[in-house]
Protein chains: 2
Amino acid sequence: MYSVVEENYLKALLNLCNADDEVSINDLSKRLNIKMPSVNSMMKRFAEKELVAYESYKPVKLSAKGKKEASMIIRKHRLTEMFLVEKMDFNWEEVHEIAEQIEHIQSPLFFEKMDALLGYPKFDPHGSPIPDKNGKVIKTSYVPLNVCEAGKVVTLKAVADSSEAFLRFLNGRSILLGDQLKVLSKEPFDGSMQIEVVGKSTEVFSELICEKLLVEKA
Amino acid sequence: MYSVVEENYLKALLNLCNADDEVSINDLSKRLNIKMPSVNSMMKRFAEKELVAYESYKPVKLSAKGKKEASMIIRKHRLTEMFLVEKMDFNWEEVHEIAEQIEHIQSPLFFEKMDALLGYPKFDPHGSPIPDKNGKVIKTSYVPLNVCEAGKVVTLKAVADSSEAFLRFLNGRSILLGDQLKVLSKEPFDGSMQIEVVGKSTEVFSELICEKLLVEKA
DNA sequence: ATATATTGTTAGACAAGTCTAACAATGGCT
DNA sequence: AGCCATTGTTAGACTTGTCTAACAATATAT
Ligand SMILES: [Mn+2]
Ligand SMILES: [Mn+2]
Ligand SMILES: [Mn+2]
Ligand SMILES: [Mn+2]
């Protein structure tokens, strides 16, 4: 139906859109590493296909149709990541790049089999919710660790970055989803935090790291 | 490295080439359902990349490099088919189309995992040999059923067509790889054959069908 | 309010991969 | 040898998806 390129634009749109489903051309351009004029002309084509509403000099607005299509691609991505980890012995840091490719496979049956073999999982290996067949996503109340105050104890539920580099950083410190994190202190100057990984170690995380750790009040 | 389009041309080249590794532009065009001028210009580009030797008005000749690249794609295709059948509960008629897509996934690790999980299989679900990591293929001595004489008993080892339509034809008659086939008679007029599927049934197969059944003397 | 920086748009070019129409070479057949 | 069907080639057009350069609108800061 849609080309691989179009599917990647759709995913980026859904990931970037705010509460009003709006995305600026500039943000899209940066996310996709595609120059603004190219993104601009693609958004005009998306408007033809009714995937977005386009008005000059305004952010594009993802339509219900666009949102649904994007959700289905993210569903395939996350199911794939789960399948690779659970059924093919991959580690969580190895799967994102492969899923970026497999999410574009055209075969409903292939993803239905995955889903069934996995027992209809609700979350991917990085803690992100897997949209259901209708595009519905479980609403989570995760917040980034950097917004937590000193003294709080929280549970690590998901990561906001599934790049190999970041996940290797966590692997190197034996940090896993489900770990309890206690905020010992927070440095006002640079936002870095001293964190006790309960039962494991004590670490200092930069603000950049803390933003990528999604937690829930324990 | 190579685009999906290029990989599909490579596969077609390997499937069509004769003992001298030569393929006519016309045959390639028909196999790929791409018009001759397009194929012609792609073969000139392939010559630049040293995948084929190109001389005007002569069949192109697949180079050693081209042959190796093509083998690796066929390896990924057949490993995928085996994985889908053995690990994902697909039937043999469902896997070819999906494998046509997954064969293009860029991830050596992905196919290594498949290979290991399958226990390094030598044949795919349709009886075709899986090339090894160096592109080497097990030499088989299968012949199409239509060349067998009346009275002969042979074993069905592979199919020369893995389309859903043909495999459903076999499913409908409960014919599987490994079945014994006895040639009861052969009609000289149209090449159709009366075949006993030992222990199952007796069938009349047109020459078209017989050409697609690859057998070995029992 | 005006200058400046950022963001968005237009125009034109380009590569990959396809097509059709027209023409050229090859090879088989009489 | 000459005719004709088949096969191969050239030329030119088109779509998708990208780019750079130049320009226009909007937002920000003084
Ligand atoms: Mn991912
Ligand atoms: Mn993920
Ligand atoms: Mn196949
Ligand atoms: Mn096969």
Side-chain angles (χ1 to χ4, degrees), chain A residues 1-13 15-18 20-63 66 69-70 73 100-101 103-104 106, chain B residues 1-13 15-18 20-63 66 69-70 73 100-101 103-104 106:
Chain A
M1 212 57 167
Y2 298 100
S3 71
V4 168
V5 167
E6 287 171 327
E7 291 193 350
N8 286 334
Y9 273 90
L10 278 170
K11 270 201 313 170
L13 281 164
N15 283 328
L16 293 173
C17 72
N18 60 21
D20 289 335
D21 304 329
E22 290 177 340
V23 187
S24 75
I25 303 284
N26 200 7
D27 287 351
L28 249 189
S29 170
K30 281 172 186 152
R31 166 64 64 105
L32 292 166
N33 283 310
I34 292 171
K35 295 290 178 292
M36 286 183 60
S38 308
V39 173
N40 190 278
S41 71
M42 184 62 87
M43 286 308 98
K44 286 178 168 178
R45 279 196 269 157
F46 269 34
E48 297 296 310
K49 300 182 187 193
E50 299 182 298
L51 295 168
V52 302
Y54 176 90
E55 283 182 272
S56 264
Y57 296 101
K58 289 215 245 172
V60 296
K61 182 168 169 162
L62 193 53
S63 70
E69 299 291 350
I73 301 157
E100 285 289 318
Q101 299 178 63
E103 67 191 3
H104 304 293
Q106 303 285 328
Chain B
M1 211 57 167
Y2 298 100
S3 71
V4 169
V5 168
E6 287 172 326
E7 292 193 349
N8 286 335
Y9 273 91
L10 278 170
K11 270 203 312 171
L13 281 165
N15 283 329
L16 294 173
C17 72
N18 60 22
D20 289 335
D21 303 328
E22 291 177 338
V23 187
S24 75
I25 303 285
N26 200 241
D27 287 352
L28 249 189
S29 170
K30 282 173 186 153
R31 165 65 64 107
L32 291 167
N33 282 310
I34 293 172
K35 296 290 179 289
M36 287 183 60
S38 307
V39 173
N40 190 278
S41 71
M42 184 62 86
M43 286 308 98
K44 286 178 170 178
R45 278 196 270 157
F46 268 35
E48 297 296 310
K49 300 183 186 192
E50 299 183 299
L51 296 167
V52 302
Y54 176 90
E55 282 181 272
S56 265
Y57 295 102
K58 290 215 247 174
V60 295
K61 183 168 167 161
L62 194 53
S63 70
E69 298 291 349
I73 301 157
E100 285 289 318
Q101 299 178 64
E103 68 192 3
H104 304 294
Q106 304 285 329

If I take atom CD in residue B/Glu55 and atom P in nucleotide C/dA24, what distance separates them, rounded to the nearest angstrom? 22 Å
Heavy atoms under 4.0 Å, any strand shown: does B/Ser41 hit a base, just sugar-phosphate, or nothing? base
Expressed in angstrom and rounded to an integer, what is the separation of B/Asp27 atom CG from D/dT6 atom P? 14 Å
Do B/Ile34 and B/Tyr9 have side chains that get closer than 4.5 Å, going by heavy atoms? yes
Along DNA chain D (nearest heavy atom to each residue), the more 5'-positioned of B/Val23 and A/Tyr9: B/Val23
Check the phosphate of C/dT7 against A/Ser24, side-chain N and O only, distance under 4.0 Å to OP1 or OP2. Yes or no? no
Atom CE of B/Met36 to atom P of C/dA21: distance rounded to whole Å? 16 Å
Heavy-atom count around B/Glu50 CD within 6.0 Å, excluding the residue itself: above 12? no
Side-chain N or O of A/Arg45 less than 4.0 angstrom from OP1 or OP2 on D/dG17? yes
Does A/Met42 or B/Tyr57 map to a spot on DNA chain D nearer the 5' end, using the closest nucleotide for each? B/Tyr57
Taken to the nearest whole Å, NZ/B/Lys58 to P/D/dT6 is 24 Å
Consider side chain to side chain contact (heavy atoms under 4.5 Å, CB included). Of B/Ile25, B/Val23, B/Asp27, B/Asn26, which one does B/Val39 pass it with? B/Ile25
Of B/Lys49, B/Lys11, B/Arg45, the residue whose pairing with B/Glu6 passes side chain to side chain donor-acceptor pair (under 3.5 Å): B/Lys49
Can you measure B/Asn26 atom CG to C/dA24 atom P for me and round it to whole angstrom units? 20 Å
Protein-nucleotide distance (A/Leu32, atom CG; D/dT18, atom C1'), rounded to Å: 13 Å
Taken to the nearest whole Å, NZ/A/Lys44 to P/C/dT10 is 4 Å
Whole angstroms only, please: what is the CD-P distance between B/Glu6 and C/dG17? 5 Å
